[in-house]
Amino acid sequence: MIMRLTSQLRSRLTVCGCLLLPLVAAAAEFQVGFATADITPPAGWRRAGGFSEFIIEAGGDPLLTKAMALTQGETVVALVGNDLCSVPRELTDRARKRASEQTGIPFANIVITATHTHGGPEYYGPLRDFLHARAKQENGGRDPHEPLDYHALLVERWAGVITQAFAARQPATLAVVVPQAQGLAFNRRFLMRDGSTGWNPGKLNTNIFRPLGPTDPDLPFVLVRDAASGRPLGSLTVFAMHTAIYGDAPFGACYPGHLQTHLRRLLDAPDFVSIFGEGCAGDVNHIDVSSPDPQDRRSYPAVVGGKLAETLQEALPLARPIRNDHLALRSTTIHSPVTPLSEAEYVAAKKIMETLDQNGAPFLTVVDAWRKMFRHEYWQKHGGRLPQEIQAIRLDRDTAIVTLPHEVFVELGLAIKSASPFRTTIVISLANDLDFYIPTRRAFEEGNYEPNTCPLEPGCGELLVQAAVTLLNELKCAAAPRSGHGRK
Ligand SMILES: [Zn+2]
């Protein structure tokens with residue numbers, strides 16, 4: 001029930017300039033549905049997460065796409081997690097449009113993210129484009145490493161899981177808890193004793209002076225249960241640590257895959273769907289340089305998945321129920337300046353990419369060439385201003401989720417959390433677009449790997465923070481939307 005308010009009452013209900021209309025509206029229950037689908041490409045595909053060709057042979061974990069559709073009254077939100085290194089805007093746009101047509105969920109209320117597993121396929125971007133073109137040239141117009149149209153497959157599966165999750169909605173309760181997972185994540189950028197900026201400088205390196213940035217040990221967990229029986233249905237977990245432990249051999253979902261296995265066992269729920277979002281972990285990974293422990297690429301993901309699940313299990317009795325009648329979403333698109341490049345720079349960079357694995361170019365030169373391909377593309381397509389979408393979802397008056405594109409530095413995620421008016425703010429990166437880094441302005445000056453991947457101008461990270469905090473402030477007191485989709 002939305003009452004007509006007298007101006008006197010209206011002014012009494014106004015806090016920080018906004019009207020608390022949803023507080024007088026009738027309560028509406030959460031309805032939540034989950035769905036998953038397999039997105040494992042055929043064996044022989046290229047692996048993602050590097051700057052050279054690496055073929056993945058048969059075997060490994062199935063790679064999954066997992067969707068959660070969440071409705072309350074007329075508001076619908078769909079969140080999709082993927083065992084992929086990243087998701088490109090071109091494909092997420094297509095899938096969101098298709099899913100929107102099939103379900104009535106507004107395009108803006110759909111988020112498609114990647115866990116950033118380095119055990120996923122390379123299927124998009126300048127590295128793939130050059131390897132793919134070269135293979136076609138050498139094999140009579142056919143790339144033996146891409147026997148099917150993986151782009152079409154992803155669009156179909158993403159739209160499919162959103163539609164299925166939407167159809168599977170049932171009355172549900174939500175609860176949130178944010179324990180801390182200590183001792184697992186480390187900032188991987190260092191001030192070295194010689195004054196240089198170190199990046200993954202290696203274990204027990206005596207030239208390390210100190211880390212250049214913090215970590216974020218928060219492990220937010222949103223648990224969804226069947227409203228009638230209390231049976232656990234699925235969850236969203238976010239952790240700010242690179243999903244890049246695994247990456248040698250067959251396909252692998254890395255530690256988020258093990259997290260799901262452990263949660264299913266601990267919660268005694270064999271069909272439980274654990275969606276994982278990488279937090280702001282652009283400069284954070286699992287490598288503990290202070291310890292000689294090898295942290296094996298094959299066995300350590302299971303250790304991390306197990307530790308995260310144990311931490312969540314211990315924290316679960318402290319979970320706070322998400323209250324009803326506040327689900328809302330706001331989104332915005334900012335246009336971030338792309339660094340200009342000359343024709344000569346583009347030609348030189350293209351040459352490096354075309355002769356990859358053969359030209360002996362140093363690592364950072366290859367990385368720089370890779371980002372120049374993006375700069376060229378973004379100047380051609382967007383006139384030098386890259387559209388970046390930011391979404392903010394309010395679960396209740398105390399809990400919000402922010403989604404950001406790309407791999408955002410941990411300092412920027414922490415800045416959003418500390419400026420947020422919500423008690424609990426969950427920040428997910430790698431949403432709806434690709435995996436270059438978004439460093440802080442300071443990190444651009446410090447240099448080394450991550451700033452060297454970024455096609456945007458210094459200050460791009462601070463722009464994202466500003467936009468996210470603006471959305472959160474709007475959402476804190478906005479009325480829950482009463483319309484937005486046609487079907488229930
Ligand atoms: Zn990364």
Side-chain angles (χ1 to χ4, degrees), residues 46-52 54 63 81-89 112-128 184-190 197-201 211-216 238-248 251-257 276-287 289 295 297 300-301 304 363-364 366-368 370-371 373-374 388 403-413 427-440 443-444 446-456 460-461 464:
R46 297 182 187 88
R47 190 199 71 192
F51 287 90
S52 58
F54 187 104
L63 305 180
N82 287 284
D83 293 324
L84 292 171
C85 197
S86 73
V87 291
R89 185 69 197 254
I112 300 179
T113 69
T115 65
H116 198 49
T117 177
H118 284 44
E122 181 79 37
Y123 67 96
Y124 198 90
L127 177 70
R128 176 266 175 184
L184 291 176
F186 301 88
N187 199 292
R188 67 184 187 184
R189 292 169 58 81
F190 293 88
T197 296
W199 175 73
N200 282 333
L212 275 170
T215 61
D216 177 2
V238 176
F239 190 43
M241 184 177 89
H242 250 80
T243 308
I245 308 170
Y246 184 78
D248 273 342
F251 293 115
C254 201
Y255 72 85
F276 180 83
E278 194 178 271
C280 291
D283 44 348
V284 174
N285 68 11
H286 65 285
I287 300 173
V289 295
Q295 298 182 287
R297 292 179 81 90
Y300 195 59
V304 173
F363 176 65
L364 286 183
V366 174
V367 172
D368 180 57
W370 181 82
R371 77 161 158 184
M373 295 296 102
F374 282 116
Q388 293 179 302
T403 71
L404 307 171
H406 319 302
E407 293 190 80
V408 181
F409 267 39
V410 67
E411 291 90 333
L412 301 167
V427 188
I428 302 176
S429 69
L430 288 150
N432 304 316
D433 208 354
L434 283 175
D435 59 338
F436 55 75
Y437 290 92
I438 302 290
T440 58
F444 272 101
E446 292 161 348
N448 211 326
Y449 171 59
E450 297 91 349
N452 226 44
T453 73
C454 184
L456 307 176
C460 55
L464 281 183

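Both counts, for ligands and for their atoms, begin at 1 and track the order of listing.
- Among the heteroatoms counted here (N, O or S) of H242, NE2 is the one nearest to the Zn ion (ligand 1).
- A donor-acceptor pair shorter than 3.5 Å can be found between the side chains of E407 and H116.
- Residues that satisfy the ring-ring contact (aromatic ring centres under 6.0 Å, His included) test with F409, not counting sequence neighbours, are absent from this structure.
- Looking only at its N/O/S atoms, H116 has NE2 as the one nearest to the Zn ion (ligand 1).
- If you put the vertex on the Zn ion (ligand 1), OH of Y437 and OE1 of E407 sit 100° apart, to the nearest 10°.
- No donor-acceptor pair closer than 3.5 Å links the side chain of D283 to the backbone N or O of N187.
- A donor-acceptor contact under 3.5 angstrom links the side chains of E278 and T243, judged on distance only.
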